[in-house]
Structures are given as structure tokens and as C-alpha cells.
Amino acid sequence: MAQVQLFGLWGSPFSRRVEIALKLKGVEYEYIEEDLSNKSPLLLQYNPIHKKVPVLVHKGKPIAESLVILEYIDETWNERNPILPHDPYERATARFWAKFIDEKCIFALWKACWSEEKEREEAAREACEQLQTLEDELKDKRFFGGDMIGLVDIVANFIGFWLGIIEEATGVKLLKEEKYPKLYKWSEEFVNCSAIKENLPPRDKLLAFMRARYGVSITY
């Protein structure tokens with residue numbers, strides 16, 4: 001068995017977070033694709049509480065939940081490319097924004113794109129508020145982590161890549177360049193970094209999956 005294994009799902013932004021972190025750290029690992037409609041006995045063994053991906057297994061010991069895994073990776077392979085800042089205050093701040101994205105932004109953006117039409121206007125308003133908050137936090141930095149990709153950038157991968165595909169699938173446009181110029185520029189820089197680009201799912205495949213899964217027909 002490989003020393004490092006990752007149980008994931010090809011189209012999951014949460015699984016891809018872990019792959020990005022491992023890539024940045026130069027860690028070799030074995031990737032195991034899960035079928036969430038028929039979960040493997042190993043996944044259920046390694047994550048009996050939540051029974052979901054991603055799960056990182058290091059030397060036979062499992063770690064679940066993407067934010068927890070990212071911190072574990074940063075602390076375990078700390079010789080190169082730090083994901084979290086060294087300064088305690090800056091580390092706490094990064095954790096705050098990562099949690100903000102997970103608990104507030106992703107749900108709001110998802111709801112704004114996929115909710116029923118009568119709920120969509122209010123959902124879109126809330127989603128735009130969250131995007132504006134991130135726009136203000138980004139300020140004039142290249143990345144949320146400064147000049148280098150850090151924890152918040154990795155956690156924001158949903159905004160940097162998945163959101164654009166969901167917007168195309170649904171016809172709902174949220175991340176507009178004229179409204180959020182800093183965040184829009186960040187998203188372009190983020191997806192064009194080699195460590196990120198190499199660990200993103202195929203765009204066309206993900207778009208087709210979104211349309212098929214959520215009942216959006218393909219039109220030309």
C-alpha cells in the first residue's frame with residue numbers, strides 16, 4: 001500500500017483542494033476514485049462518521065474533511081511551499097476566511113444558481129454580498145495568501161473554477177468582471193497557475209456532468 005492515499009471524487013472541489021495541496025508540497029500519492037452511489041468498504045472504514053470524500057490516508061491513518069486535511073498536509077510536509085502563514089495572527093485570519101468560504105460563500109453561490117426561480121433573486125443578492133466581502137478582503141493582493149497561493153486560495157477553488165462552469169450550465173452570472181474586478185482577476189490567475197491547472201477536472205466533462213445531474217439541457 002502507498003504511504004499516502006487519497007480517496008476522492010473527480011468532480012469534487014473538496015477532493016481537488018487536497019490534490020492541489022499535495023501537488024504544491026511535491027508529495028507522491030495514490031489516488032482512489034470513489035463512487036458515492038456505491039461507497040467502497042475502505043471509505044466507510046476510514047470515514048465512518050461522514051462517509052464522504054475526501055479522505056487522506058497517511059501511513060495507514062485516515063484524516064477526513066478537506067480543511068482538516070489541508071492543515072495536516074501543511075504541518076506534515078513543512079519543508080516547502082507553506083499553505084498557512086507562520087505568524088499566529090495571520091494563520092488565524094486565514095482559517096477565518098477559509099471557514100467563511102466553506103460556511104457562507106459556497107452554499108450561497110450554489111443556491112443562487114440552482115434554486116427555484118422564485119427564490120433565486122434573494123439567493124443571488126446574498127451570493128453577491130459574499131462575493132463583495134471577498135473582493136474587499138482581496139484588496140490589491142495577487143492571491144489571498146499574498147504573492148503565493150495559500151489556504152484561502154485553495155479553499156476558494158470553487159469560486160475560481162467551479163462557479164464559472166455552474167454559471168454556464170445555468171445561465172446565471174454572478175462573478176462579473178466589472179462588478180468584482182479584483183476577484184475576477186484572482187480567478188484567472190488562480191486557474192492558470194501550473195499546480196492548479198494540472199489538478200482541475202476537465203472543463204467540458206464537468207459542464208456536461210452539471211447539466212445532466214441537475215436537469216439543465218444542452219442548447220446550441
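- A salt bridge links Lys25 with Asp74: the closest approach of a Lys/Arg side-chain nitrogen to an acidic carboxylate oxygen falls below 4.0 angstrom.
- Formation of a donor-acceptor pair under 3.5 Å by the Asn199 side chain with backbone atoms of Ile196 is not found in this model.
- Under the 3.5 Å distance criterion, the side-chain polar atoms of Ser187 are matched with a main-chain donor or acceptor of Tyr184.
- For Glu34 (side chain) and Ser40 (main-chain N/O), a donor-acceptor pair under 3.5 Å exists by modelled atom type.
- Between the Gln5 side chain and the Leu56 main chain, no donor and acceptor come within less than 3.5 Å of each other.
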Practice task
Give the C-alpha distance, both sets of side-chain angles, the deciding distance and a yes or no for side chain to side chain contact (heavy atoms under 4.5 Å, CB included) between Phe209 and Trp10.
Solution key: CA-CA 11 Å; Phe209 171 80; Trp10 72 271; 4.1 Å; yes
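- A donor-acceptor contact shorter than 3.5 Å links the side chain of Ser15 to the backbone of Leu9.
- More than 12 heavy-atom neighbours from other residues, nucleotides or ligands sit within 6.0 angstrom of NZ on Lys141.
- Between Glu137 and Lys139, at least one side-chain N (NZ, or NE/NH1/NH2) sits under 4.0 Å from a carboxylate O, which counts as a salt bridge.
- Distance check, rounded to the nearest 0.5 Å: CD1 of Ile165 to CZ of Phe161 gives 3.5 Å.
- Rounded to the nearest 0.5 Å, atoms CG (Leu163) and NZ (Lys173) are 7.5 Å apart.
- In this structure, Leu200 CG and Arg16 CZ are separated by 7.0 Å, a value rounded to the nearest 0.5 Å.
- Val55 is not listed as a side-chain neighbour of Ile63, based on a closest heavy-atom distance of 4.5 Å or more.
- Around NZ of Lys39, the count of heavy atoms belonging to other residues, nucleotides or ligands within 6.0 Å exceeds 12.
- Ring geometry, Trp186 versus Phe190: the interplanar angle falls under 30°, so the pair is classed parallel (tilted spans 30 to 60°).
- Using a cut-off of 4.0 Å between Lys/Arg side-chain N and Asp/Glu carboxylate O, Lys182 and Glu135 are scored as not salt-bridged.
- Going from atom OG1 of Thr93 over to atom CZ of Phe144 covers 13.5 Å, rounded to the nearest 0.5 Å.
- Side chains of Phe158 and Asp102 form no contact here, defined as non-hydrogen atoms less than 4.5 Å apart.
- No donor-acceptor distance shorter than 3.5 angstrom exists from the side chain of Glu189 to the backbone of Phe143, with no hydrogens or angles considered.
- Within 6.0 Å of CG in Leu44 there are more than 12 heavy atoms belonging to other residues, nucleotides or ligands.
- With no hydrogens or angles considered, no side-chain donor-acceptor pair links Asn192 and Glu188 at under 3.5 Å.
- Salt-bridge formation is detected for the pair Glu129/Arg125: a Lys NZ or Arg NE/NH1/NH2 atom is positioned less than 4.0 Å from an Asp or Glu carboxylate oxygen.
- Between Ala169 and Trp114, the closest heavy-atom pair is CB-CH2, 4.3 Å.
- A single hydrophobic cluster is not seen to contain both Met148 and Leu138; linkage of ILVMFWY side chains at heavy-atom distances under 4.5 Å, directly or through other members, places them apart.
- Annotation for Asp204: atom CG does not count as buried by contact number, only 12 or fewer foreign heavy atoms lying within 6.0 Å.
- Of the listed residues (Glu103, Glu71, Glu90), just one forms a salt bridge (Lys or Arg N to Asp or Glu O under 4.0 Å) with Arg95, and that residue is Glu71.
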Exercise for the section: Using the side chain to side chain contact (heavy atoms under 4.5 Å, CB included) rule, take Lys52 and Asn47 through it: C-alpha gap first, then chi angles, then the decisive distance, then the call. Expected result: CA-CA 7 Å; Lys52 62 182 182 180; Asn47 191 4; 4.2 Å; yes
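- Listed for the Arg17 side chain is a donor-acceptor partner under 3.5 Å among the backbone atoms of Val155.
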Exercise for the section: Quick one: do Val57 and Lys61 satisfy side chain to side chain contact (heavy atoms under 4.5 Å, CB included)? Show the steps, please. Expected result: CA-CA 5 Å; Val57 181; Lys61 297 178 180 178; 6.0 Å; no
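- The local environment of CD in Glu198 is crowded, with over 12 non-hydrogen atoms from other residues, nucleotides or ligands closer than 6.0 Å.
- Here the CD-NZ distance, from Glu177 to Lys185, works out to 10.5 Å after rounding to the nearest 0.5 Å.
- Scanning both residues, Leu6 and Pro54, for their nearest heavy atoms gives CD1-CB, 4.0 Å.
- Contact detail for Trp162 and Asn157: the closest heavy-atom pair is CE3-O, 3.5 Å.
- Contact detail for Ala123 and Ser115: the closest heavy-atom pair is CB-OG, 4.1 Å.
- Annotation for Cys113 and Arg120: closest pair O-NH2, 3.6 Å, computed over non-hydrogen atoms.
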Please output the side-chain donor-acceptor pairs of residues 75-85 that fall under 3.5 Å, not counting sequence neighbours, one pair per line with the distance.
from  : atom 1 : to    : atom 2 : distance (Å)
Thr76 : OG1    : Tyr72 : O      : 2.8
Asn81 : ND2    : Leu24 : O      : 2.4

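- Taken from CD1 in Ile101 to CD1 in Ile154, the straight-line distance is 11.0 Å, to the nearest 0.5 Å.
- In the hydrophobic clustering of ILVMFWY residues, with side-chain heavy atoms under 4.5 Å counting as a link, Val152 and Phe107 come out apart.
- The shortest non-hydrogen separation linking His58 to Val4 is CD2-CG2, 3.7 Å.
- Residues Tyr29 and Glu19 bring a donor and an acceptor atom of their side chains to less than 3.5 Å of each other.
- Within a 6.0 Å sphere centred on CD of Glu121, other residues, nucleotides and ligands contribute 12 heavy atoms or fewer.
- In this structure, the side chains of Thr133 and Trp97 come closer than 4.5 Å at one or more pairs of heavy atoms.
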